[in-house]
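Note sheet for the following structure.
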Amino acid sequence: MGDQGTSKWVILVASIWIQAFTGTNFDFSVYSSELKSVMGISQVQLNYLSLASDLGKAFGWCCGLSLVYLPLGVVLLMAAFMGLFAYGLQWLLIKSLISMPYPLVFLLCLLAGCSICWFNTICYILCIRNFQTSRAPAVSLTTSFNGLSAALYTLIANAIDSSDHTLYLLLNASVPLLASIIALVSIHYQSIVKSLPIDADESESLMFLLLNILAAFTGLHLLILNTISYQALAARAFFAGAVLLLVLPLFLPGIVHNHVRTVKTICSNFHLQGKPYESNHNDLKLHKGYVETNAIVEENGCCEKLIEKDESTMHGEEHSVKMLVQSWDFWLYYVAYFSGGTIAIVYSNNLGQISESLDHGSETSTIVTLFSTCSFFGRLLSAAPDYLHQKFPMARTGWLAIALSPLPIAFFLLAASGSTMAFHVGTALVGLSSGFIFSVAVSITSEIFGPKSLGVNHNILITNIPLGSLFYGFLAAVIYDLNSRSSMMEAQVGEVMSCMGKQCYMHTFLLWGCFSLLGLASSFLLFRQTRPVYDRFLIKRNQKWRQMFPMGMSSSSIDG
């Protein structure tokens with residue numbers, strides 16, 4: 001039990017590494033123009049390729065099924081080799097070393113999207129298995145690093161050749177495989193964490209706090225320094241710094257354990273009125289996972305029953321597929337996601353053409369990095385409800401509504417102004433909003449429709465990604481192609497038409513802004529529907545804590 005309780009931190013760090021280097025969907029916009037030119041396809045046909053990648057994410061259930069029969073390491077390597085094959089062949093195509101028909105490229109994009117979803121599913125399962133009482137903080141932390149992939153890949157590409165955008169496909173093929181091998185080796189050889197005793201778990205809240213702080217520093221490092229990393233030497237130095245920040249979490253368990261042990265030793269030497277002095281470090285025990293775990297031990301170890309009771313209280317019972325599709329709450333949730341997070345994905349997929357149309361084609365990698373890094377901070381902020389639930393006990397669906405609020409602002413700003421500043425601000429807002437939505441959605445699905453059914457129910461929810469990619473992407477592509485034909489500034493490369501000017505996406509942004517307002521309205525209705533249930537849960541949880549700890553952690557218990 002000791003190894004299982006402490007080795008989970010190495011597994012968490014390994015999940016962070018996997019996520020950080022497998023968000024290969026973020027850099028599609030960097031090489032999409034080259035792919036469009038080499039294949040001689042229209043914007044609508046290019047949109048179908050990005051749709052194929054999103055469609056591949058609908059096969060996440062295959063990963064869950066594979067994990068039932070195969071070891072996790074085998075499934076992880078299967079995901080890596082899927083990406084190696086899919087992206088590797090696309091790289092050969094874009095370098096004109098081979099030729100392929102359009103349908104085959106479509107299938108390769110689908111396979112690439114499937115590999116991304118498999119990586120995500122593996123990380124979700126690792127977090128849920130190893131942090132049963134702290135699922136939300138673990139999931140939000142690990143998935144946040146997925147948003148850093150584009151920034152990391154940009155550093156690697158600049159370190160090799162900043163002018164060759166086809167490098168991204170080669171990196172997409174090889175880097176996830178390398179990261180998977182390193183993660184598996186780290187999980188297998190847990191020499192640092194295995195040396196820690198069981199009571200290292202008492203530092204769980206502090207560990208998550210430090211990991212989030214370190215993650216924020218990593219994001220700032222990549223966001224700020226990526227803008228000055230076009231020189232190969234500088235890019236190599238900044239990438240080395242980023243790798244160091246990704247390795248540092250491995251040493252945190254030992255540091256935190258030694259700190260807590262020192263505090264305990266000092267505090268054990270002091271007594272007030274015959275009672276042990278309780279230091280301020282007791283506030284670590286307020287973390288939900290730790291309180292539940294210790295309360296469970298006092299109740300004769302009935303772990304599963306107490307956890308299931310707490311989580312099912314939030315919506316009464318687990319939802320089967322039939323119950324899910326008959327639920328009014330689910331369809332409000334579906335529309336909110338469809339008209340929010342999915343639009344942000346399509347915006348990300350079109351960043352290459354948007355940058356080109358606004359005459360920022362040379363800055364595409366910088367814009368993609370901005371979007372990706374802001375998505376990272378959005379995902380990181382999705383842990384806020386777990387840290388602020390005592391001071392701001394708001395339903396997580398309320399946080400979803402807040403996260404959707406910047407989207408219509410961003411799209412109407414982009415439609416109104418084609419300036420560089422508006423483009424950067426709008427991209428940052430969309431990235432920040434989408435990151436929060438994607439990360440918090442896993443916890444919302446679990447809380448409203450039951451944790452046991454998460455694998456099935458969440459995959460049903462994300463069917464809106466390929467549907468939205470088809471709808472919103474097709475809408476944008478048709479408007480783009482119409483403007484490219486009518487524009488006086490039309491530029492042709494072979495048979496490929498490129499649209500130049502603000503008008504290329506202005507109407508698209510207006511329509512996306514209107515749809516995001518629909519998503520915002522739907523999220524507020526969902527919040528109103530679920531708020532009473534969340535409030536009852538918070539009241540019952542607080543009553544349970546008072547019963548378990550009648551004197552609480554207050555000064556009265558210390559002074560006696």
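Residue numbers count from 1 along this sequence.
At least one side-chain heavy atom of Trp9 sits less than 4.5 Å from a side-chain heavy atom of Leu211. Ile160 is listed as a side-chain neighbour of Ile156, based on a closest heavy-atom distance under 4.5 Å. Side-chain atoms of Ile182 and Ser186, non-hydrogen and from C-beta on, do get closer than 4.5 Å to each other. Between Ser33 and Glu356 there is a side-chain heavy-atom pair separated by less than 4.5 Å. Between Leu111 and Phe85, some side-chain heavy-atom pair lies under the 4.5 Å cut-off. Between Thr121 and Cys117, some side-chain heavy-atom pair lies under the 4.5 Å cut-off. Leu351 has its side chain out of reach of Val30: every pair of non-hydrogen atoms, C-beta onward, lies at least 4.5 Å apart. Side-chain contact between Leu141 and Phe131: absent, with no pair of heavy atoms (C-beta onward) separated by less than 4.5 Å.
With hydrogens and angles disregarded, no donor-acceptor distance shorter than 3.5 Å links the side chain of Ser522 to the backbone of Leu518. A donor-acceptor pair is defined here as one N or O able to donate and one able to accept, closer than 3.5 Å; no such pair exists between the side chain of Ser348 and the backbone of Ala344. A donor-acceptor distance shorter than 3.5 angstrom exists from the side chain of Trp331 to the backbone of Val325, with no hydrogens or angles considered. Not one N or O on the side chain of Thr342 forms a donor-acceptor pair closer than 3.5 Å with the backbone of Ser339. Judged by distance alone, with hydrogens and angles left aside, the side-chain atoms of Asn350 form a donor-acceptor pair with the main-chain N or O of Val346 at under 3.5 Å. Ser469 places no side-chain N or O within donor-acceptor distance of the main-chain N or O of Pro466, the cut-off being under 3.5 Å.
Here the shortest heavy-atom pairing between Leu49 and Tyr102 reads CD2-CE1, 3.9 Å. The shortest non-hydrogen separation linking Asn349 to Asn25 is OD1-O, 4.4 Å. Across Thr508 and Cys504, no two heavy atoms sit closer than the pair OG1-O, 4.4 Å. The shortest heavy-atom contact between Thr142 and Cys127 is OG1-SG, 3.5 Å. In plain terms, the two heavy atoms of Leu72 and Leu67 that are nearest each other are CA-CD2, 3.8 Å. The two residues His507 and Gln503 come nearest to each other via the heavy atoms ND1-O, 4.5 Å.
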Which donor-acceptor pairs under 3.5 Å do the side chains of residues 10-22 make with protein atoms, sequence neighbours left out?
unit_1 : atom_1 : unit_2 : atom_2 : d
Ser15  : OG     : Ile11  : O      : 3.0
Trp17  : NE1    : Leu246 : O      : 2.8
Gln19  : OE1    : Asn146 : ND2    : 3.0
Thr22  : OG1    : Ile18  : O      : 2.6

Give the table of side-chain donor-acceptor pairs shorter than 3.5 Å for residues 420-442, with sequence neighbours excluded, one pair per line with atom names and distance.
unit_1 : atom_1 : unit_2 : atom_2 : d
Thr420 : OG1    : His360 : NE2    : 3.3
His424 : ND1    : Thr420 : O      : 2.8
Thr427 : OG1    : Tyr347 : OH     : 2.7
Thr427 : OG1    : Phe423 : O      : 2.7
Ser433 : OG     : Ala403 : O      : 2.4
Ser434 : OG     : Val430 : O      : 3.0
Ser434 : OG     : Gly431 : O      : 3.0
Ser439 : OG     : Thr143 : OG1    : 3.2
Ser439 : OG     : Ser382 : OG     : 2.8

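Tyr153 and Ser365 share no side-chain donor-acceptor pair at under 3.5 Å. Between the side chains of Gln45 and Lys36, not a single donor N or O lies within less than 3.5 Å of an accepting N or O. If you check the side chains of Glu34 and Thr166, you find no donor sitting under 3.5 Å from an acceptor.
With values rounded to the nearest 0.5 angstrom, Ile343 atom CD1 is found 4.0 Å from Tyr472 atom OH. To the nearest 0.5 angstrom, Tyr31 atom OH is 5.5 Å from Gln90 atom CD. Rounding to the nearest 0.5 Å places CG of Leu470 at 14.0 Å from CD1 of Ile465. Atom OG in Ser66 sits 9.0 Å away from atom CD1 in Ile122 (nearest 0.5 Å). Separating the CG atom in Asn483 from the CD atom in Gln43 is a distance of 11.5 Å, to the nearest 0.5 Å. Atoms CG and OG, from Leu380 and Ser375 in turn, are 11.0 Å apart once rounded to the nearest 0.5 Å.
For Asp161, the CG atom sits in a packed shell: over 12 heavy atoms of surrounding residues, nucleotides or ligands are nearer than 6.0 Å. Atom CG of Leu97 has more than 12 neighbouring heavy atoms from other residues, nucleotides or ligands inside a 6.0 Å radius. Environment of CZ in Phe106: crowded, with over 12 heavy atoms of neighbouring residues, nucleotides or ligands closer than 6.0 Å.
Cys pair Cys114/Cys62: SG-SG separation is not below 2.5 Å.
In this structure, Cys123 has no disulfide bond (SG atoms under 2.5 Å apart) partners at least two apart in sequence or on a different chain.
A tilted orientation is assigned to the rings of Phe26 and Phe371, their planes being inclined by 30° to 60°. Ring geometry for Phe474 versus Tyr48: interplanar angle under 30°, hence parallel rather than tilted (30 to 60°). Taking the six-membered ring for Trp and thresholds of 30 and 60 degrees, Tyr334 and Phe330 have ring planes inclined between 30 and 60 degrees apart. Using bins of under 30°, 30° to 60° and over 60° for the plane-to-plane angle, the ring pair His165/Tyr168 lands in the perpendicular bin.
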Verdict with supporting geometry, Tyr87 and Thr24, side chain to side chain donor-acceptor pair (under 3.5 Å): CA-CA 10 Å; Tyr87 286 118; Thr24 51; 2.9 Å; yes
Residue pair Leu46, Tyr480: steps toward the side chain to side chain contact (heavy atoms under 4.5 Å, CB included) verdict: CA-CA 12 Å; Leu46 181 67; Tyr480 179 94; over 6 Å; no
Walk me through it: do Leu220 and Phe377 pass the test side chain to side chain contact (heavy atoms under 4.5 Å, CB included)? CA-CA 9 Å; Leu220 288 172; Phe377 282 111; 3.9 Å; yes
With side chain to side chain contact (heavy atoms under 4.5 Å, CB included) as the criterion, how do Leu148 and Thr218 come out once you've worked through the C-alpha distance, each side chain's angles and the decisive distance to 0.1 Å? CA-CA 9 Å; Leu148 292 181; Thr218 306; 3.9 Å; yes
From CA spacing to verdict: side chain to side chain contact (heavy atoms under 4.5 Å, CB included), Ser149, Asp27: CA-CA 8 Å; Ser149 295; Asp27 59 26; over 6 Å; no
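Not less than 6.0 angstrom separates the ring centroid of Phe509 from the ring centroid of Phe412.
A salt bridge links Asp164 with Lys95: at least one charged nitrogen is closer than 4.0 Å to a carboxylate oxygen.
Partner of Phe411 under the side-chain contact (heavy atoms from CB on, under 4.5 Å) criterion, chosen from Ile409, Leu413, Leu414: Leu414.
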